[in-house]
Protein chains: 2
Amino acid sequence: MRKEKAKRLENKGWKIGSAEDFLGLSPEESAYIDLKLNLSAKLRKLRAEQNLTQTELAKLIHSSQSRVAKIETGDPTVSIDLIIKSLLALGASKKQLARAISS
Amino acid sequence: MRKEKAKRLENKGWKIGSAEDFLGLSPEESAYIDLKLNLSAKLRKLRAEQNLTQTELAKLIHSSQSRVAKIETGDPTVSIDLIIKSLLALGASKKQLARAISS
DNA sequence: TTGCCATATGTCATATCTGACATATCTTAG
DNA sequence: CTAAGATATGTCAGATATGACATATGGCAA
């Protein structure tokens, strides 16, 4: 599967610039993944700033630690919807979201 | 259900300012809906600019006319993921997405 | 009016995402 | 080292989103 690949690469520290379009990903696909990773990164940052553990954030969004971990590691089974809902739960503003996206 | 309500209101032209937080919606919920509606609106705009019908856009994103309609009318069963994928398929840039979000 | 094309709405089987759980792998303090 | 807290990974049943189809409504030209 496509997104699996992208995720594995991310985890191994491949991070080439910002998008991994070097293997079979269409521009839209890599833009989409890029977006997701940017939002994930922002979430981790926000959570850290607020000194919350994944477990605490999980409670806040009525989810589980493992799902929060998946959000933050860019797991392909995580939707942008969930990431955005989590960001909003941490009090992120529209402006912050916008910044995260175009980063 | 919650989001049903928000959608109905939208359709009836209720658009009070920008968020319908006046009936039982938490700040995060209305922020989320707001976001979705902004992105939907942007999609419709982009599609119009490119003189595409819903059916044509549907083919472009491997979906159906009815789902495109649902996207554009803010149907609660539509995910932000799908809206964003559609926007990307229309060639929207990160900057455009960011603008749409913080509008 | 009629016909045609675009858009909207309702429904449904299937695909995808979700929370939860178990368990593994860090990290750091003692 | 070992223990404890935090984070990561794998799995799965149930929840939600999806494309597809039928059908309705809207707009507009003949």
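Quick note: numbers below take in every heavy atom, side chains included, and nothing from hydrogens, waters or symmetry partners. Naming convention: chains lettered A, B, ... in sequence-line order (proteins, then strands); numbering from 1 in each chain.
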| task | Could you work out which one of dT9(D), dT18(C), dA8(C) sits closest to the side chain of Thr73(B)? | result | dA8(C)

| remark: Whole-Å distance, Glu72(B) CD to dT25(D) C1', equals 16 Å

| said: Whole angstroms only, please: what is the NZ-P distance between Lys70(A) and dA24(C)? | reply: 15 Å

| Side-chain N or O of Ser79(B) less than 4.0 angstrom from OP1 or OP2 on dT18(D)? | yes

| task | Without swapping roles, check the side chain of Asn38(A) against the backbone of Ser102(A) for a donor-acceptor pair under 3.5 Å. | result | no

| query | What integer distance in Å separates Gln65(A):CD from dG10(D):C1'? | reply | 13 Å

| task | Kindly point out which of dT7(D), dT18(D), dA20(C) is positioned nearest to the side chain of Thr53(A)? | result | dT7(D)

| task | Please name the pair of heavy atoms, one in Ile101(A) and one in Lys94(B), separated by the smallest distance, quoted to 0.1 Å. | result | O-CD, 3.6 Å

| Under 3.5 Å side-chain donor-acceptor pair for Thr73(A) and Asp75(A) | no

| note | Atom CD of Gln54(B) and atom P of dT9(C) are separated, to the nearest Å, by 10 Å

| task | Take the protein atom NZ of Lys85(A) and the nucleotide atom C1' of dC17(C), then report the distance between them rounded to whole Å. | result | 11 Å

| request: Give the rounded distance in Å between these two atoms: CD of Glu56(B) and C1' of dT7(C). | output: 13 Å

| note | Out of dA20(D), dT18(C), dT7(C), minimum distance to the side chain of Leu82(A) belongs to dT18(C)

| query | Got a donor-acceptor pair under 3.5 Å from the side chain of Ser64(A) to the base of dC21(C)? | reply | no

| field | Whichever of Ser63(A) and Arg44(B) has its nearest DNA chain C nucleotide further upstream toward 5' | value | Arg44(B)

| note | Rounded to whole Å, CD1 of Ile71(B) lies from C1' of dA20(D) at a distance of 14 Å

| said: Any salt bridge linking Glu72(B) with Arg47(B)? Criterion: basic side-chain nitrogen under 4.0 Å from a carboxylate oxygen. | reply: yes

| Hey, does the side chain of Arg47(A) come within less than 4.0 Å of dT7(D)'s phosphate (OP1/OP2), counting only N and O? | yes

| Checking Ser40(A) side chain against Ile71(A) main chain: does a donor-acceptor pair fall under 3.5 Å? | yes

| With a 4.0 Å cut-off on heavy atoms, is Val78(B) in touch with a base, just the backbone sugar-phosphate, or nothing at all? | sugar-phosphate

| message | Measure CG/Leu60(B) against P/dG19(D) and give the value in whole Å, please. | response | 13 Å

